[in-house]
Protein chains: 2
Amino acid sequence: MKWDTLDEEPCSLSRTIAVVGDRWTLLILRECFLRVRRFEAFQSSLQITRHLLSERLKKLVRFGILRRVPYSEAPKRYEYILTQKGLDLYPIIMAMVHWGDTHMGDERGRPLLHEHKNCGKLFDPVMVCSECGEVLHAKQVHVHAGPGQREAVG
Amino acid sequence: MKWDTLDEEPCSLSRTIAVVGDRWTLLILRECFLRVRRFEAFQSSLQITRHLLSERLKKLVRFGILRRVPYSEAPKRYEYILTQKGLDLYPIIMAMVHWGDTHMGDERGRPLLHEHKNCGKLFDPVMVCSECGEVLHAKQVHVHAGPGQREAVG
DNA sequence: TTTGACAGTTCTATTTTAGAACTATAGCCT
DNA sequence: AGGCTATAGTTCTAAAATAGAACTGTCAAA
């Protein structure tokens, strides 16, 4: 597998893995969703090495997930803010959190609870069909080759 | 970070990353959802090294994501089948596929199209609130410490 | 002038992954 | 019987990624 061109594979999962498919990137993004924005803050809350953090932030900026925004002119300092593309990763992270809550829990109970401001209740994220609104299950989904796959293969 | 105990962290995202947080594991699971079950089939469709495939399958079995089921007695041969815990990873994979479709697409169009058998239509997966059914956005969610976090910290 | 905060970069050691070759069991063909 | 093929791995060495610590540069405040 050539990881350097994974983002051009004719597979949307591969392309997503090219961006978030390593152990640190999703943890960095979790911090972003918890309003962490600065290098030192990421580093101390994650205990990631400074080298790796620097690499990952650059990569996320390159892919348009984060924007590097100056917050101080002298000395020049930057913070990292989620773009819309980055905010759209939210369902991925919530799906992972929910799976962890369901299947990897221990006797201590859930680490975090999520409140939906619109309805005021504690909730779980649920994945539904955009057309009929029903809850999705793997066995009810049929996969077809789309135009991108036919072009890539044929 | 001690990756060997990541599945015991007081964070459901970390615990999920402990299982699926590397580049190959999610690609292997994609094949599982496409009904691939056997060692040779995984290896040839993914071009993963046999060594790594063997490691990853063992890990997925250890975590209860796959079951190793004999399909031939002499010689002893096994295939790998998703458990319910594994099937429940579907929303994660669909969320990643959807994000890739939306943000990493190219001029060739989508590689795969998904049909919901229940309603017969091509669909996108959408994440909603379990309580009110509205579409979820990061900014409408407020996070509280749950019992697992308080026990871990306090 | 010295100290400290912040945002990195650079270096070496360890761990992980890639790539290829090898092992083992058994059916089938001649 | 002897050799070929299929399947499911294991073992080996080289290359790449990550960990961990120290170092750099800028500026403000004491």
Side-chain angles (χ1 to χ4, degrees), chain A residues 1-7 9 14 17-29 31-32 35-63 65-82, chain B residues 1-7 9 14 17-29 31-32 35-63 66-81:
Chain A
M1 177 71 69
K2 35 292 148 279
W3 296 116
D4 44 334
T5 57
L6 193 62
D7 56 321
E9 289 281 302
S14 297
I17 289 173
V19 182
V20 300
D22 72 288
R23 295 174 299 190
W24 282 116
T25 298
L26 282 166
L27 292 172
I28 291 170
L29 288 166
E31 297 300 303
C32 293
R35 273 86 180 167
V36 170
R37 291 167 143 77
R38 298 186 183 175
F39 191 93
E40 295 295 322
F42 287 114
Q43 202 279 319
S44 69
S45 76
L46 291 172
Q47 295 298 102
I48 182 177
T49 65
R50 308 176 75 76
H51 179 68
L52 258 273
L53 176 57
S54 175
E55 290 290 311
R56 289 295 181 273
L57 289 172
K58 275 181 202 157
K59 179 175 165 185
L60 288 168
V61 169
R62 196 167 65 244
F63 275 116
I65 311 289
L66 297 177
R67 262 180 318 130
R68 188 161 173 269
V69 181
Y71 72 89
S72 151
E73 281 307 316
K76 271 276 187 192
R77 296 208 193 296
Y78 299 89
E79 55 189 8
Y80 297 88
I81 314 242
L82 285 164
Chain B
M1 178 70 70
K2 10 51 221 117
W3 295 115
D4 44 334
T5 55
L6 193 61
D7 57 321
E9 289 282 302
S14 297
I17 289 173
V19 182
V20 300
D22 72 288
R23 296 175 297 191
W24 282 118
T25 299
L26 282 167
L27 291 172
I28 291 170
L29 288 167
E31 298 300 304
C32 292
R35 274 87 179 165
V36 170
R37 291 168 144 73
R38 298 186 183 176
F39 191 93
E40 295 294 321
F42 287 113
Q43 203 279 319
S44 69
S45 76
L46 291 172
Q47 296 298 102
I48 182 177
T49 65
R50 308 176 75 76
H51 179 67
L52 258 269
L53 176 56
S54 174
E55 290 290 311
R56 290 294 182 272
L57 290 173
K58 275 181 202 158
K59 179 176 164 185
L60 288 168
V61 169
R62 195 166 66 244
F63 275 116
L66 298 177
R67 262 178 318 130
R68 189 161 172 269
V69 181
Y71 71 89
S72 150
E73 281 307 317
K76 270 277 187 191
R77 297 210 191 294
Y78 299 89
E79 56 190 7
Y80 296 88
I81 314 240

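Letters go in sequence order (proteins before strands), and every chain restarts at 1.
- A side chain to side chain contact (heavy atoms under 4.5 Å, CB included) with B/S54 is found for one member of B/H51, B/R56, B/K58 and no other, namely B/K58.
- Taking every side-chain heavy atom of A/R77 into account, C/dA7 is the closest of C/dA7, D/dG9, C/dT25.
- In this structure, the side chain of B/Q43 does not engage the main chain of B/T49 through any donor-acceptor pair within 3.5 Å.
- Checking B/K58 against A/K76, the closest nucleotide of DNA chain D that is more toward the 5' end is the one next to B/K58.
- Applying the salt bridge (Lys or Arg N to Asp or Glu O under 4.0 Å) test to every pair with at least one member in residues 42-53 of chain A, sequence neighbours left out, gives these pairs: A/E40-A/R50.
- Taking atom OH of residue B/Y78 and atom C1' of nucleotide C/dA24, one finds them 14 Å apart after rounding to whole Å.
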Distances for protein N/O vs nucleotides 17-23 of chain C N/O pairs under 3.5 angstrom?
from, atom 1, to, atom 2, distance (Å)
C/dT17, OP1, B/R56, NH2, 3.0
C/dT17, OP2, B/R56, NH2, 3.2
C/dA18, OP1, A/W3, NE1, 3.0
C/dA18, OP2, B/W24, NE1, 3.1

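- Residue A/L46 contributes atom CG, which lies 15 Å from atom C1' of D/dT18 at whole-angstrom precision.
- Among the heavy atoms of the strands, none lies under 4.0 Å from B/F42.
- Listed candidates were C/dG8, D/dC27, C/dA26. Nearest to the side chain of A/F39 is C/dG8.
- Between the C1' atom of D/dA19 and the CG atom of A/L53 lies a distance of 14 Å, rounded to the nearest Å.
- Both the sub-6.0 Å distance and the 45° axial angle are not jointly satisfied by B/R37 relative to the ring of B/Y71.
- Comparing atom distances between the B/S54 side chain and each of D/dG25, D/dG9, C/dG8 picks out D/dG9 as nearest.
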